[in-house]
There are 2 protein chains.
Amino acid sequence: MATHKLDEIDRKILAELQEDGRMTNVELARRVGISAPPCLRRVRALEEDGYISGYHARVNIRALGFEVQVFAMVGLTSQAEADLSRFENRCRAWPLVRECHMLNGEVDFILKCVAPDLSTFQTFLTEELTAAENVASVKTSLVIRGAKDAPGVPFDVLEERLARSA
Amino acid sequence: MATHKLDEIDRKILAELQEDGRMTNVELARRVGISAPPCLRRVRALEEDGYISGYHARVNIRALGFEVQVFAMVGLTSQAEADLSRFENRCRAWPLVRECHMLNGEVDFILKCVAPDLSTFQTFLTEELTAAENVASVKTSLVIRGAKDAPGVPFDVLEERLARSA
DNA sequence: GCTGAAATCGCCTAACG
DNA sequence: CGTTAGGCGATTTCAGC
């Protein structure tokens, strides 16, 4: 599943769909410089091969009443694979946890959480997260404001890199 | 811009488009139980009012050759608003920085970064990020593996909440 | 005001070269 | 990959609740 299976048109398609996932196929085809049918075939292939794993509308979290965003750094007592997996499954089941990444270093996981208000989050934090089996420590930081939230990958960096190795 | 301007159908639309942003309007209309024209009007209104800020394809970062994901905790020497803004603007200009959130507590910002390999990231880290004006400290953590990456907002929590307050 | 029905227009998507 | 062409979805118009 290397990048090398993708040509410049494929990468352009990915870049365009990353920016606007609802673009019509004819508009996409126009932008990447081919006609619509082959463009659609490429998109289907990119989806099939896992280069595109889904399309999502980005919703306004605050406008929907989720006033609180929190990053939580979680340390576990046991880092045995079974225990790591168990914690990951817990995270997948908690709706307030939107992202969970396993890290190297002192902290084992970083979680991005949302909540309607602080008290809802506090309840989750004390009754669910810190109370969960195998959780040793949780350090939380409130998001004061968001400064950047770009999707996925910087395709210009990718292109530069490919140009250099060519 | 309160949630109260949205009825149940609007919220269902948002939930569906968050899950599948490329769904056709007729399919969306079928799922939320109204006919296509009013459904399309609602979607347009939701976009117009900022409840939907965009649509994005989720691309496979690893498959595209970005092997490295890193969270960086950044502390600044000055937290004056002008200096905060300046740093945020820097982040927006760095393509390897995909997300930047201002936090409370000891660390001022958390950054989510991607890079093709570790050495590319190290170069960015030492020559750009830590070298940047006003940056006092940077602590980085490599992402070992991703366990959950859900988009946006848990709509079931929202519905529960609204049901309770009704 | 909304919704829904009908009609037009444009896009999607197969088949073929 | 492009062209053609048929069917379906998107989008406007208009009537009804």
Side-chain angles (χ1 to χ4, degrees), chain A residues 1-60 63-65 151 155 158-159 162-163 166, chain B residues 1-60 63-64 151 155 158-159 162-163 165-166:
Chain A
M1 219 204 237
T3 308
H4 309 84
K5 306 192 64 170
L6 301 179
D7 64 12
E8 193 180 339
I9 294 179
D10 288 321
R11 296 192 302 269
K12 191 85 196 302
I13 288 174
L14 290 170
E16 293 288 348
L17 287 180
Q18 178 174 264
E19 285 312 303
D20 179 5
R22 266 207 104 126
M23 192 181 300
T24 66
N25 182 59
V26 297
E27 171 66 10
L28 181 60
R30 196 188 60 73
R31 293 199 185 197
V32 305
I34 60 179
S35 63
C39 185
L40 187 62
R41 283 194 291 266
R42 281 168 180 263
V43 171
R44 295 283 180 262
L46 290 168
E47 293 168 353
E48 192 71 22
D49 297 345
Y51 289 101
I52 298 174
S53 59
Y55 302 88
H56 304 281
R58 181 178 297 198
V59 302
N60 188 327
L64 288 171
F155 279 94
L158 184 61
E159 294 301 334
L162 292 171
Chain B
M1 222 209 241
T3 307
H4 309 84
K5 307 191 65 170
L6 301 179
D7 64 12
E8 192 181 337
I9 294 179
D10 288 322
R11 297 193 301 270
K12 191 85 199 302
I13 288 174
L14 291 171
E16 293 288 347
L17 288 179
Q18 177 173 266
E19 285 312 303
D20 180 4
R22 272 214 103 145
M23 191 181 301
T24 66
N25 182 59
V26 297
E27 172 65 9
L28 180 61
R30 195 188 61 73
R31 293 198 186 200
V32 304
I34 61 178
S35 63
C39 184
L40 186 63
R41 279 194 293 269
R42 280 168 181 263
V43 171
R44 295 282 179 263
L46 290 167
E47 293 167 355
E48 190 72 21
D49 297 346
Y51 289 100
I52 297 174
S53 59
Y55 302 87
H56 304 281
R58 182 178 297 199
V59 302
N60 188 327
L64 287 170
F155 279 94
L158 183 61
E159 295 300 334
L162 292 171
S165 70

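The chains referred to below are lettered A, B, ... by the order of the sequence lines, with proteins before strands, and numbering in each begins at 1.
In terms of heavy-atom proximity, Y55(A) sits nearest to G21(A) at CD2-O, 3.8 Å. The two residues R31(A) and K12(A) have their closest heavy-atom pair at O-NZ, 3.3 Å.
Interatomic distance, L17(B) CG to R22(A) CZ, rounded to the nearest 0.5 Å: 5.5 Å.
Using modelled atom types, no side-chain atom of R58(A) and backbone atom of H56(B) make a donor-acceptor pair closer than 3.5 Å. Judged by distance alone, with hydrogens and angles left aside, the side-chain atoms of D7(A) form a donor-acceptor pair with the main-chain N or O of I9(A) at under 3.5 Å. Between the side chain of R11(B) and the backbone N or O of F155(B) there is no donor-acceptor pair closer than 3.5 Å.
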- [ ] Go along nucleotides 12-17 of chain D 5' to 3' and tag each nucleotide: B for a protein heavy atom under 4.0 Å from its base, S when only backbone or sugar atoms are that close, - otherwise.
- [x] B-----
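For DNA chain C, no neighbouring residue in residues 22-33 of chain B is found when judged by any heavy atom under 4.0 Å.
Between R44(A) and dT13(C) there is a side-chain N or O to OP1 or OP2 distance below 4.0 Å.
Counted within 6.0 Å of CD on E8(A), heavy atoms from surrounding residues, nucleotides or ligands total 12 or fewer; the atom is thus considered open.
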TODO: Take L64(A) and L6(B), measure what side-chain contact (heavy atoms from CB on, under 4.5 Å) needs, and give me the verdict at the end.
DONE: CA-CA 9 Å; L64(A) 288 171; L6(B) 301 179; 3.6 Å; yes
